[in-house]
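Just below is one structure, and these are the notes that go with it.
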Amino acid sequence: MNTLSVRNIPSVFLEMAEKRKDKIAMRQKDLGIWNDVSWEEYKSQALRVAYGLMKLGVHPGDFVGIIGDNSPEWLYADMGIQLAGAASVGIYTTSSFEQLFYILQHAGCKVLFADNEEQVDKWLMIRDRLPSLQYIVYWDKKGLEKLDDENLIFFDDLKKMGQKAFSTDRDKHLKIANEVNPDDVSILVYTSGTTGHPKGAMITAKNIFWIANAIIDSTSELISEEETTMSFLPLCHIFERLFSVYLPLVYGYTIHFAESTETIAQNLREIRPTIGYAVPRVWEKFHSSILLKMKDAPLLNQWMFKKAISIGERYTRLKLDGKKIPVTLQMLRWISYYCVLYPLKYMMGMNNMKNAISGAAPISREILFFYHILGIRLLEGYGMTESTGIITISDSSFYKLGTVGIPLKGAQLSLDSEGEILVRHGGVFKGYYQDEEATAKTIKEGWLYTGDIGEVDMDGFLKIVDRKKDIIITAGGKNIAPQYIENKMKESPYINDAIVIGDGKKYITAIVILDEENINKYASDQKIQYSSYSELASNSDIKLLIEKEIQKVNKALSNVEMIKKFSILDKRLYVEDGEVTPTMKVKRKFINEHYTPLIEAMYR
């Protein structure tokens with residue numbers, strides 16, 4: 001095993017910063033210009049933060065929180081916390097003040113980094129109940145200029161304090177780097193909590209660098225130091241944290257921070273990353289956007305697109321099956337690709353994308369296949385917070401669409417008698433902070449019980465069936481995996497989300513959430529009059545459209561899986577309303593309880 005797995009984060013960071021020095025570590029757009037941050041500057045900023053924190057009384061083993069949008073300051077804070085020997089606690093920006101209170105109190109954070117007025121306001125509402133939280137460090141002054149509070153510190157002032165402390169003891173961080181145990185908690189990642197309060201998963205440097213080593217050993221060409229990526233998923237989520245913070249410490253590639261979730265498409269065209277990674281919702285959105293835009297294209301363009309897709313389907317299917325591709329088809333593919341599909345990829349900003357990854361939730365095989373037709377190798381991986389993000393991975397030279405790949409090198413994977421996926425590898429977390437009972441239920445004799453039902457084929461590829469707790473058992477005793485049906489439904493450009501219902505019922509129903517952007521365009525094209533989303537959701541023409549989309553889905557389902565009735569929800573699902581997690585996973589228990597009248601109406 002590479003010795004990297006038995007080193008701590010401070011020492012690996014300092015070594016990479018020394019090695020890469022003037023090379024670009026990250027870029028951020030400001031006033032229309034992308035500004036570079038070198039590894040040397042990254043190190044300098046992180047050291048100032050570290051010494052500033054130590055001056056505030058942060059000691060090795062303490063917890064420090066971070067709540068903010070993706071930015072260089074987030075990384076300076078995270079790495080500064082590590083250099084001070086403390087552990088960082090990422091918190092979703094969408095958290096309510098009560099959710100923020102729970103995490104800060106549960107972790108016992110001494111200091112909180114908060115990026116702006118909105119997050120500082122949340123602290124102001126709970127400060128009297130949090131005596132252990134001593135300081136708030138903020139980096140966006142807007143709206144806070146006149147707020148005079150001894151517990152509030154501007155980020156630049158913290159760094160000045162750190163610079164002064166560094167000038168008097170330049171080796172303190174090196175002593176800490178030598179003393180931090182790789183098996184100590186480095187980050188506390190709070191699960192998104194589809195049920196009850198989130199649990200704090202304790203993840204160590206040993207876990208993180210085991211995963212980094214395993215990626216090197218398990219893939220042929222996934223990541224190198226020449227890569228460029230775009231950071232836009234929440235940094236407190238393990239998926240984004242790995243790609244934006246910790247894997248760069250091993251590979252040294254460059255991160256670009258998207259301006260916001262609203263500018264992802266624009267920033268993608270500016271950055272043109274070599275690796276794309278996102279949750280399924282993003283890939284689904286691009287897919288539906290392409291299909292709808294082509295419907296509005298001139299007739300000749302529509303014809304060319306359909307032909308290119310048709311040729312691409314035949315070519316890609318043969319290629320994925322490992323069969324010989326006729327010379328004529330190869331020529332047609334070459335012409336249609338460079339005349340139609342490559343310009344489309346260029347327009348999307350995906351023309352440099354060697355590899356693309358979908359993770360954190362299931363995605364339809366048909367969506368994956370569509371991207372392969374475009375020449376974008378979109379593959380799935382599988383993991384969870386408790387496995388430090390990765391359990392299985394698809395190698396670009398050895399994969400099967402519809403599966404989440406094979407176990408990482410050095411990982412053991414097994415299925416119990418009920419089909420639950422169990423895993424044992426060096427990335428399995430240390431346990432839940434201050435929750436021995438939950439830890440004992442999740443880790444048994446070194447095996448991580450994932451809570452997912454899976455199947456393994458003869459080549460060792462894993463297929464996820466569904467969450468164990470989400471399997472529907474109908475009144476007739478049939479077991480139904482709702483995830484598969486929901487993913488089929490979300491292939492429609494007009495359906496943003498779907499929740500399949502049917503546990504203990506005679507037949508399957510579904511709650512549908514419309515794709516607002518696409519449905520608005522459809523309504524405009526069809527001259528449907530409406531004044532609000534709610535009014536549009538109850539429109540008879542929209543209901544007929546969704547009914548036709550569901551009929552298409554039913555053709556691919558067995559009789560017991562078919563959706564017999566559906567209801568269109570007259571609102572979007574919101575994190576703030578407790579309906580979805582920050583990573584947009586539906587909270588089924590909440591939906592079933594909160595929308596009982598709507599559900600019961602479908603069974604009358």
Side-chain angles (χ1 to χ4, degrees), residues 2-17 19-20 25-26 37 39 42-43 45-46 49-50 64 66 70-90 177 180-190 201-219 222-225 227-257 275 277 357 359-360 381 383-391 393 408 425-430:
N2 192 308
T3 55
L4 189 64
S5 61
V6 290
R7 294 179 61 191
N8 58 44
I9 291 170
S11 62
V12 175
F13 169 69
L14 293 171
E15 184 178 289
M16 179 55 73
K19 176 184 175 184
R20 300 285 287 172
M26 61 188 90
V37 176
W39 279 93
Y42 185 5
K43 172 186 169 183
Q45 295 283 350
V49 171
V64 177
I66 312 173
N70 299 19
S71 66
E73 287 82 5
W74 212 108
L75 268 65
Y76 300 156
D78 194 15
M79 209 49 60
I81 292 165
Q82 301 296 331
L83 289 167
S88 55
V89 184
V180 171
N181 189 329
D183 212 22
D184 289 341
V185 178
S186 293
I187 59 175
L188 200 56
V189 180
Y190 278 83
M202 298 184 288
I203 295 175
T204 68
K206 193 173 182 180
N207 294 146
I208 291 166
F209 294 130
W210 188 92
I211 291 292
N213 281 333
I215 291 173
I216 294 170
D217 294 339
S218 304
T219 60
L222 181 62
I223 307 174
S224 75
E225 65 180 21
E227 311 300 347
T228 57
T229 66
M230 185 169 79
S231 174
F232 63 92
L233 299 173
L235 271 165
C236 50
H237 191 279
I238 191 64
F239 190 30
E240 184 67 64
R241 195 77 160 274
L242 277 175
F243 275 93
S244 286
V245 184
Y246 298 118
L247 291 181
L249 303 189
V250 178
Y251 294 96
Y253 57 81
T254 304
I255 306 297
H256 294 73
F257 293 102
I275 295 179
Y277 56 91
I357 304 162
M384 55 200 303
T385 300
E386 291 83 350
S387 67
T388 313
I390 306 177
I391 293 172
I393 196 165
L408 290 167
H425 69 38
V428 172
F429 77 139
K430 202 167 184 175

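- Ring planes of H237 and F239: perpendicular class, angle over 60° (limits at 30 and 60°).
- Under the 4.5 Å side-chain criterion, counting only non-hydrogen atoms from C-beta, V37 is in contact with Y76.
- For E73, the side-chain hydrogen bond (donor to acceptor under 3.5 Å, both in side chains) partners are S71, not counting sequence neighbours.
- The minimum heavy-atom distance linking P234 with E240 is given by the pair O-CB, 3.3 Å.
- Legend: residues meeting side-chain hydrogen bond (donor to acceptor under 3.5 Å, both in side chains) with S11, ordered by chain and number and at least two apart, are N8.
- Counting only heavy atoms from C-beta outward, the side chains of F429 and T385 never approach each other to under 4.5 Å.
- Listed by chain and number, the residues in a side-chain hydrogen bond (donor to acceptor under 3.5 Å, both in side chains) with T204 are N207 (sequence neighbours excluded).
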Is there a side chain to side chain contact (heavy atoms under 4.5 Å, CB included) between E386 and V428 once you walk through the steps? CA-CA 6 Å; E386 291 83 350; V428 172; over 6 Å; no

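- Within the 4.5 Å cutoff, no side-chain heavy atoms of Y277 are placed close to those of F232.
- H256 is not listed as a side-chain neighbour of T229, based on a closest heavy-atom distance of 4.5 Å or more.
- I390 CD1 to I215 CD1: the interatomic distance, rounded to the nearest 0.5 Å, is 3.5 Å.
- Here the side chain of T388 pairs a donor or acceptor atom with the backbone of G427 at under 3.5 angstrom.
- Residues passing the side-chain hydrogen bond (donor to acceptor under 3.5 Å, both in side chains) test with N70 are S231, sequence neighbours excluded.
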Donor-acceptor pairs under 3.5 angstrom involving side-chain atoms of residues 77-90: please list them, not counting sequence neighbours.
{"from": "D78", "atom 1": "OD1", "to": "S88", "atom 2": "OG", "distance (Å)": "2.6"}
{"from": "D78", "atom 1": "OD1", "to": "R241", "atom 2": "NH2", "distance (Å)": "3.4"}
{"from": "D78", "atom 1": "OD1", "to": "Y246", "atom 2": "OH", "distance (Å)": "3.4"}
{"from": "D78", "atom 1": "OD2", "to": "R241", "atom 2": "NE", "distance (Å)": "3.0"}
{"from": "D78", "atom 1": "OD2", "to": "Y246", "atom 2": "OH", "distance (Å)": "3.0"}
{"from": "Q82", "atom 1": "NE2", "to": "S88", "atom 2": "OG", "distance (Å)": "3.4"}
{"from": "Q82", "atom 1": "NE2", "to": "S186", "atom 2": "O", "distance (Å)": "2.9"}
{"from": "S88", "atom 1": "OG", "to": "R241", "atom 2": "NH2", "distance (Å)": "2.8"}

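- Side-chain contact check for I187 versus I238: some heavy-atom pair is nearer than 4.5 Å.
- Remark: side-chain polar atoms of K430 are paired, donor with acceptor, to backbone N or O of D183 under 3.5 angstrom.
- Considering only heavy atoms from C-beta on, P72 comes within 4.5 Å of F257 through its side chain.
- For the atom pair CE (M26) and OH (Y42), the distance works out to 4.5 Å, reported to the nearest 0.5 Å.
- Side-chain contact between I9 and V180 is absent, with no heavy atoms from C-beta onward closer than 4.5 Å.
- The minimum heavy-atom distance between L75 and S244, with the atom names listed, is CD2-O, 3.4 Å.
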Can you give me every donor-acceptor pair (side chain of residues 247-255, partner residue at least two apart or in another chain, under 3.5 Å) with its distance?
{"from": "Y253", "atom 1": "OH", "to": "F243", "atom 2": "O", "distance (Å)": "2.5"}
{"from": "T254", "atom 1": "OG1", "to": "I24", "atom 2": "O", "distance (Å)": "2.9"}

